[in-house]
Undergrad: 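Mind having a look at this structure? Questions to follow.
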Amino acid sequence: MEGKLSSVAKNFTPSSIQELSQLAQKCNAINLAEGFPDFPAPPCIKEAAVSAINNDFNQRVQGICDQLALKMKKTHGLNVNPLTDIAICCGQSEAFAAAIFSIINQGDEVLLFDPCYETYEGCITLAGGIPVYVALEPPQWTLDPEKLMRSFTSRTKAIVLNSPHNPTGKVFSRDELEIIAEGCRRWDCVAITDEVYEYITYDNQKHETIAKLPGMQERTIITSSLSKTFSVTGWRIGWAIAPASAASAIQNIHIRITDSAPAPFQEAALTALRSPIEYFETLRGEYELKRDFCMKLLGSIGFQIQFKPQGSLFLFSELPKDCLLSDVEYVEELIKQAGVVVVPGRGFFHGNESCNYQKRYIRVAFCKSGATLNAAAQKFGELINAKACPKILY
């Protein structure tokens with residue numbers, strides 16, 4: 001059968017996260033790698049899902065579109081038609097893929113900010129598009145306006161914007177959004193956004209969608225999901241919000257791939273999306289404490305955090321300067337010696353491989369329970385007290 005595999009299938013290999021997760025399982029390591037919460041979802045959301053199952057909600061749910069339209073009006077001041085402008089999908093990942101498939105033809109270029117979430121490139125490649133990477137400058141992950149504008153060409157069809165950003169935790173500022181919007185308007189490009197961390201921002205930072213800027217709603221496809229905000233990454237409820245023609249195309253692609261997102265969880269999503277503002281404020285506060293805990297934890301083993309995450313669920317930190325290991329080597333030692341797994345940063349970089357820093361970062365997920373984070377801290381404490389493993393302690 002191997003000889004029958006398509007070229008696409010042959011080129012898609014397991015990610016470093018998958019491979020290291022397997023090593024971590026063998027070592028029974030504490031998982032600070034994958035970006036899913038290991039604590040329960042809010043009780044009211046779970047109760048709503050159980051109720052929907054018991055009451056035979058087995059078909060599509062229109063109410064979630066109505067609620068999303070209300071949310072977009074209240075949060076961003078955008079007028080969205082729930083009947084024509086929203087496609088419900090199986091998570092943000094499918095919504096993003098369907099958005100790419102709906103607009104990208106063979107040879108179209110798509111701009112991506114580097115480092116970036118690895119799924120984007122795969123979707124663009126499957127659609128026949130060409131990823132073009134615009135590097136954000138470390139350590140503050142600064143956007144260079146001139147570099148961005150030079151990246152646009154007559155073949156540029158879209159730009160992907162993930163804010164708050166995975167892996168760095170950067171929240172793109174209003175000034176940066178204005179620059180990106182200017183490029184889109186000048187080159188007649190579509191902005192495809194990933195806004196799954198929209199409610200998870202810190203230190204009084206606020207997420208803004210680029211769709212609210214002048215001339216941008218008609219050229220923006222917003223993708224997001226229930227997963228991160230409500231700790232239900234396995235429920236697979238996501239959406240795309242776009243002009244009617246694009247939303248219709250996304251819906252048609254979705255129907256041909258998966259037909260429908262889980263109906264009971266769509267019904268439960270209504271309860272989630274109606275959550276009071278206090279829920280979102282509490283969520284931010286709890287995650288901000290977890291972020292600060294992990295920053296202190298890394299500091300205890302020699303890291304100097306140069307960029308404090310402004311949003312998302314991750315720390316993206318450069319290895320200590322006197323550490324001679326690469327990111328992959330460091331993570332392997334961390335698993336074996338400390339029993340903790342994180343993600344090597346190189347999988348998020350796709351541009352110029354001659355940049356030495358691309359093999360010098362690790363990503364730590366802090367969307368974990370207090371018990372998990374405390375267990376990781378204990379592991380590090382044991383190493384420090386024993387003065388063991390000089391390779392990872394500085």
Side-chain angles (χ1 to χ4, degrees), residues 35-76 78-99 102 193-200 207 209 221-242 244 246-284 286 313 367:
F36 61 81
D38 65 351
F39 48 83
C44 63
I45 313 285
K46 295 191 290 184
E47 291 165 6
V50 171
S51 176
I53 292 169
N54 289 334
N55 286 284
D56 297 319
F57 282 85
N58 299 322
Q59 306 304 321
R60 295 181 179 87
V61 180
Q62 174 57 35
I64 187 174
C65 294
D66 298 331
Q67 198 62 38
L68 284 168
L70 288 172
K71 181 180 84 74
M72 295 306 293
K73 180 65 175 178
K74 183 177 180 180
T75 305
H76 301 295
L78 296 176
N79 293 314
V80 173
N81 187 329
L83 298 176
T84 62
D85 300 351
I86 302 175
I88 304 300
C89 298
C90 294
Q92 183 277 335
S93 295
E94 192 204 21
F96 180 86
S102 71
T193 72
D194 175 353
E195 303 184 20
V196 293
Y197 304 107
E198 57 192 309
Y199 291 109
I200 305 173
H207 163 72
T209 181
I221 300 173
I222 298 170
T223 68
S224 192
S225 79
L226 212 64
S227 297
K228 308 299 184 180
T229 306
F230 298 98
S231 305
V232 287
T233 52
W235 284 20
R236 311 319 301 151
I237 300 296
W239 49 83
I241 300 174
S248 177
I250 291 167
Q251 183 68 26
N252 289 336
I253 291 169
H254 158 70
I255 288 171
R256 283 161 176 78
I257 297 173
T258 58
D259 186 68
S260 177
F265 294 147
Q266 288 190 54
E267 185 66 23
L270 289 173
T271 298
L273 293 170
R274 291 169 180 155
S275 297
I277 191 171
E278 289 78 13
Y279 171 80
F280 302 101
E281 293 302 324
T282 298
L283 180 78
R284 286 190 188 97
E286 290 177 349
L313 305 173
C367 50

Undergrad: Parallel, tilted or perpendicular for F230 and Y279, by the 30°/60° rule?
TA: parallel
Undergrad: Nearest 0.5 angstrom please: I221 CD1 to I241 CD1, how far?
TA: 11.5 Å
Undergrad: So, for A49 and A268, which heavy atoms are closest and what is the spacing to 0.1 Å?
TA: N-CB, 3.6 Å
Undergrad: So how far is it from T271 OG1 to K46 NZ, rounded to the nearest 0.5 Å?
TA: 14.0 Å
Undergrad: Check whether any side-chain heavy atom of E267 sits under 4.5 Å from a side-chain heavy atom of S51, and report yes or no.
TA: no
Undergrad: Please report the C-alpha distance between E195 and K228 in whole Å, then the side-chain angles of each, then the deciding distance to 0.1 Å, and finally whether the side chain to side chain contact (heavy atoms under 4.5 Å, CB included) criterion is met.
TA: CA-CA 10 Å; E195 303 184 20; K228 308 299 184 180; over 6 Å; no
Undergrad: Could you tell me the separation between the CD1 atom of I237 and the SG atom of C89, rounded to the nearest 0.5 Å?
TA: 10.0 Å
Undergrad: With side chain to side chain contact (heavy atoms under 4.5 Å, CB included) as the test, would you mind laying out the steps for M72 and I222 before giving the verdict?
TA: CA-CA 11 Å; M72 295 306 293; I222 298 170; 3.6 Å; yes
Undergrad: For I250 and A87, which heavy atoms make the closest approach, and how far apart are they?
TA: CG2-CB, 3.8 Å
Undergrad: Does S225 use its side chain to pair, donor to acceptor, with the backbone of S227 at less than 3.5 Å?
TA: yes
Undergrad: Is a side-chain donor or acceptor of T229 paired with a backbone partner of L226 at a separation under 3.5 angstrom?
TA: no
Undergrad: Set out, in order, the CA-CA distance, both residues' side-chain angles and the distance that settles side chain to side chain contact (heavy atoms under 4.5 Å, CB included) for K73 and N79, then state yes or no.
TA: CA-CA 6 Å; K73 180 65 175 178; N79 293 314; 3.0 Å; yes
Undergrad: Where the side chain of S102 meets the backbone of A99, is there a donor-acceptor pair that is under 3.5 Å apart?
TA: yes
Undergrad: Can you confirm whether C65 sits close enough to L83 that some side-chain heavy atom of one is under 4.5 Å from a side-chain heavy atom of the other?
TA: no
Undergrad: Supply the atom-to-atom distance S231 OG to I45 CD1, rounded to the nearest 0.5 angstrom.
TA: 9.5 Å
Undergrad: Does D194 reach the main-chain N or O of V196 with its side chain, forming a donor-acceptor pair under 3.5 Å?
TA: yes
Undergrad: Taking side chain as C-beta onward, heavy atoms only, is S224 less than 4.5 Å from W239?
TA: yes
Undergrad: For K71, does its backbone N or O pair with a side-chain atom of T75 as donor and acceptor, under 3.5 Å?
TA: yes
Undergrad: Would you name the heavy atoms of A52 and P264 that are closest together and state the gap between them?
TA: CB-O, 3.7 Å
Undergrad: Contact between P82 and L68 at the side-chain level, heavy atoms closer than 4.5 Å - yes or no?
TA: no
Undergrad: Drop me the distance from I86's CD1 to I64's CD1, to the nearest 0.5 angstrom.
TA: 8.5 Å
Undergrad: How are the rings of F265 and W235 set to each other: parallel, tilted or perpendicular (split at 30° and 60°)?
TA: parallel
Undergrad: Quick one: does H254's side chain have a donor or acceptor within less than 3.5 Å of a partner on A95's backbone?
TA: no
Undergrad: To the closest 0.5 Å, what do you measure between CD (E94) and OG1 (T258)?
TA: 3.5 Å
